[in-house]
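All remarks here apply to the structure that follows.
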Number of protein chains: 2
Amino acid sequence: MRPTARDLAEAAGVSLATVDRVLNERPNVSPKAARSVAEAIERIGFMRNPAAVALARNKTYRFRFVLPTSGDQYLAELIARAGEATEALRADSTDVEAVQIAMSDPHHVAKYLTAIDHDTVDGVAVMAPESPQVRDAMLRLVERGVRVVQFLSGQERLESADYVGVDNFAAGATAGKITGRFLCERPGKIMVVAETMMALDSIQRRLGFDSIINAQFPHLESLPSLETYGDEKRAELIIRRTLEHNPDTVAVYVLSSEARIPLTAVWNTQGARALTVVAHERTPFSEQALMDERIDAVIAQDPGHAVRSALRILRARSDHREPLASQERIRIEVVLKENLQFD
Amino acid sequence: MRPTARDLAEAAGVSLATVDRVLNERPNVSPKAARSVAEAIERIGFMRNPAAVALARNKTYRFRFVLPTSGDQYLAELIARAGEATEALRADSTDVEAVQIAMSDPHHVAKYLTAIDHDTVDGVAVMAPESPQVRDAMLRLVERGVRVVQFLSGQERLESADYVGVDNFAAGATAGKITGRFLCERPGKIMVVAETMMALDSIQRRLGFDSIINAQFPHLESLPSLETYGDEKRAELIIRRTLEHNPDTVAVYVLSSEARIPLTAVWNTQGARALTVVAHERTPFSEQALMDERIDAVIAQDPGHAVRSALRILRARSDHREPLASQERIRIEVVLKENLQFD
DNA sequence: CAAGTTTTGAGGTGCGTGCCTCAAAATTCG
DNA sequence: CGAATTTTGAGGCACGCACCTCAAAACTTG
């Protein structure tokens with residue numbers, strides 16, 4: 001039989017109460033007792049029964065996703081996955097909620113985060129653009145004992161928080177490689193479109209993309225990033241102008257998560273030109289466009305996996321456990337029409 | 001507070017004993033009582049506390065991976081991941097073991113499976129080539145109450161078992177698309193190498209591959225499949241001969257999980273020819289070859305994910321729960337040098 | 001209606017741990 | 001050395017459910 005705490009007490013030559021003090025890091029334990037318990041744990045291979053712990057603690061975990069208000073299909077996907085997780089974890093005494101707040105003003109975001117209390121929420125996964133205020137607010141959250149995950153966002157990585165998301169430089173490099181190889185030594189220009197280049201993730205993707213294009217495809221030139229600011233009219237305008245000024249454009253790379261607005265603008269204005277198109281994230285829009293062969297490849301990070309990963313990490317941290325790094329790495333997926341599978 | 005079984009009994013107007021009978025499907029429950037409990041469950045939103053269930057049952061789950069003896073690096077990877085899972089699940093009263101048996105003789109495999117007993121093992125994940133004997137043995141296992149997962153193998157899908165692995169037709173199609181597009185309208189032949197074409201997964205990959213090549217890249221011709229039978233000498237011989245007879249070979253597609261032997265043979269004999277190379281599965285060999293740009297792309301299914309998925313499914317089935325399909329779909333990954341990330 | 005059968009309820013124990021109290025023992029300090 | 005402090009042990013209750021027993025109640029059948 002698997003050893004219990006009682007067996008451990010016996011093996012360590014101490015009482016159950018002392019074992020309890022050691023296991024739960026309560027005060028008033030002599031170094032000697034602590035050592036003999038630690039030694040006995042190794043010797044008999046004791047492990048706490050997680051089910052019994054969960055039952056005895058009878059604690060409800062409360063986690064929160066803090067997401068932007070503005071967004072499109074990928075955001076909707078994230079919210080849907082968070083909803084799924086809420087359902088799936090209900091049985092495990094885990095409350096998951098997703099809130100949306102305006103991300104335009106860093107002070108507002110910081111204020112929201114600062115208002116989060118340790119006895120309201122055990123952990124938050126924050127998807128917000130880089131800003132000193134927000135970074136600061138997150139650090140203070142951690143100090144107050146709230147677990148924090150930097151979620152799919154282009155923030156400077158914090159030491160004291162976990163990150164869930166892909167390496168955006170590598171994601172951009174992957175997009176660059178696919179674009180370059182799919183273009184088949186055809187020279188020309190690549191139009192690069194973003195919602196905004198203020199976000200760190202956009203910058204990193206761009207750097208990764210350019211690093212590959214410059215090093216491996218010198219016959220290609222990537223144009224300066226266009227910023228749509230999520231505005232259809234503006235997108236249409238700047239994209240039309242860019243295509244007109246660069247008749248030798250052979251490819252489009254959309255490095256934001258939301259490709260619908262920029263690509264719709266491209267297709268409205270490109271005329272008969274056949275462009276190689278690479279975008280980010282699987283959404284109903286990008287899936288359909290892959291099917292129709294209007295997008296050649298999508299570089300994606302699975303939102304369902306991201307949501308579950310963030311929750312597993314928050315749960316592990318709340319239990320003072322180390323998350324399993326190997327399981328939580330989000331892969332950079334390359335999605336073509338051929339491996340576009342539905343459930 | 002979250003409703004307990006006691007609350008449920010009260011809400012349903014029955015005793016705790018009757019609630020217990022309904023929840024655990026014990027006999028001697030009148031249809032009327034069953035209905036009123038079911039109704040009360042809906043009404044008050046009752047869910048069993050999984051921790052309490054696990055504790056009360058105090059059951060140890062025993063799952064087993066049945067893997068081939070013969071294999072190379074991908075097999076080693078699978079075994080390593082199974083070992084990791086064993087560690088990770090030890091705390092959860094779940095014993096995971098991986099055994100290796102010779103797969104060459106279907107009768108031997110069938111005999112092994114038939115010897116598995118419900119009170120020794122709760123579930124098995126079987127990676128074995130297609131054969132009527134094995135299929136039959138698996139069916140009988142299910143009948144005896146042992147949960148079965150068809151694991152990463154080219155077997156005909158069973159109704160009564162779960163499958164973990166990618167859609168091999170789509171995986172082959174993805175390989176075909178990458179090969180075709182990376183070749184850039186260059187005409188020529190594609191050498192297709194397999195360990196054996198006896199396995200259903202190889203056949204499906206081949207079909208998927210050809211479907212794309214034929215439809216989208218008519219200037220390419222895929223040669224008949226070469227079978228190495230895992231033999232280095234034989235591989236070297238048939239590959240050399242094929243390359244000599246087909247000087248216009250422009251690409252190599254290795255559709256088995258283990259690419260080391262065939263690709264080493266290719267590189268030993270190809271001379272100065274630059275070939276586009278696509279293979280399956282991430283292994284130390286294929287990773288290194290991607291880094292060195294000797295392989296252009298790898299089509300992969302994550303072995304760690306596969307192992308964990310199989311175990312989650314076996315666990316869910318053992319608890320008479322439905323696994324979450326969305327989480328268990330294994331993605332067809334496209335791995336390039338650029339998105340070849342290490343932990 | 002009586003005898004048999006099925007259904008129900010009351011109640012208890014145990015799973016392994018967390019958390020609490022209180023008293024006894026050991027240690028430290030002046 | 002005595003007093004104050006720290007450490008330890010014994011014991012018990014709770015968490016929510018599974019599983020068991022036994023007797024009472026409700027039905028069924030001849």
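Lettering of chains follows the sequences in order, A, B, ..., and the numbering in each one begins at 1. Keep in mind that what you see is a predicted model, and the values were worked out from it rather than measured.
Rounded to whole angstrom, the span from the CZ atom of B/Arg26 across to the P atom of C/dT7 amounts to 16 Å. A/Lys59 has its NZ atom 14 Å from the C1' atom of C/dG18, to the nearest Å. Straight-line distance from the CZ atom of B/Phe46 to the P atom of D/dG16: 10 Å, rounded to whole Å.
A side-chain donor from one of A/Glu328 and A/Ser309 sits under 3.5 Å from a side-chain acceptor of the other. There is a side-chain donor-acceptor pair under 3.5 Å between B/Arg2 and A/Ser93. Under the 3.5 Å distance criterion, with hydrogens and angles disregarded, a donor-acceptor pair is assigned to the side chains of A/Asn24 and A/Arg48.
Among the protein residues, A/Ala17 comes within range of the nucleic acid bases, having at least one heavy atom under 4.0 Å from a base atom. When heavy atoms are screened at a 4.0 angstrom cut-off, B/Ala51 is found touching no nucleic acid atom at all. Counting any heavy atom pair closer than 4.0 Å across all strands shown, A/Asn49 reaches sugar-phosphate atoms only and no base atom. Within the nucleic acid shown, A/Arg48 comes within 4.0 Å of sugar-phosphate atoms alone, with no base atom in reach, counting heavy atoms only. Residue contacts shown for A/Asp20 include a base, since a base heavy atom lies under 4.0 Å away. Residue B/Asn24 is classed as a sugar-phosphate contact, given heavy-atom separations below 4.0 Å to backbone atoms only.
Regarding contacts with the backbone of D/dT8, every side-chain N or O of A/Ser15 stays at 4.0 angstrom or more from both OP1 and OP2. Taking 4.0 angstrom as the limit, B/Asn28 places a side-chain polar atom (N or O) nearer than this to OP1 or OP2 of C/dT7. At the phosphate of D/dC15, neither OP1 nor OP2 sits under 4.0 Å from any side-chain N or O atom of B/Thr4.
Side-chain proximity of B/Ala33 to the nucleotides D/dA18, C/dT8, C/dT17 is greatest for C/dT8.
Relative to the six-membered ring of B/Tyr163, B/Arg329 misses at least one condition, a distance below 6.0 Å or an angle of at most 45° to the axis.
Both B/Val14 and B/Leu55 lie near DNA chain C, and the one whose nearest nucleotide falls closer to the 5' end is B/Val14.
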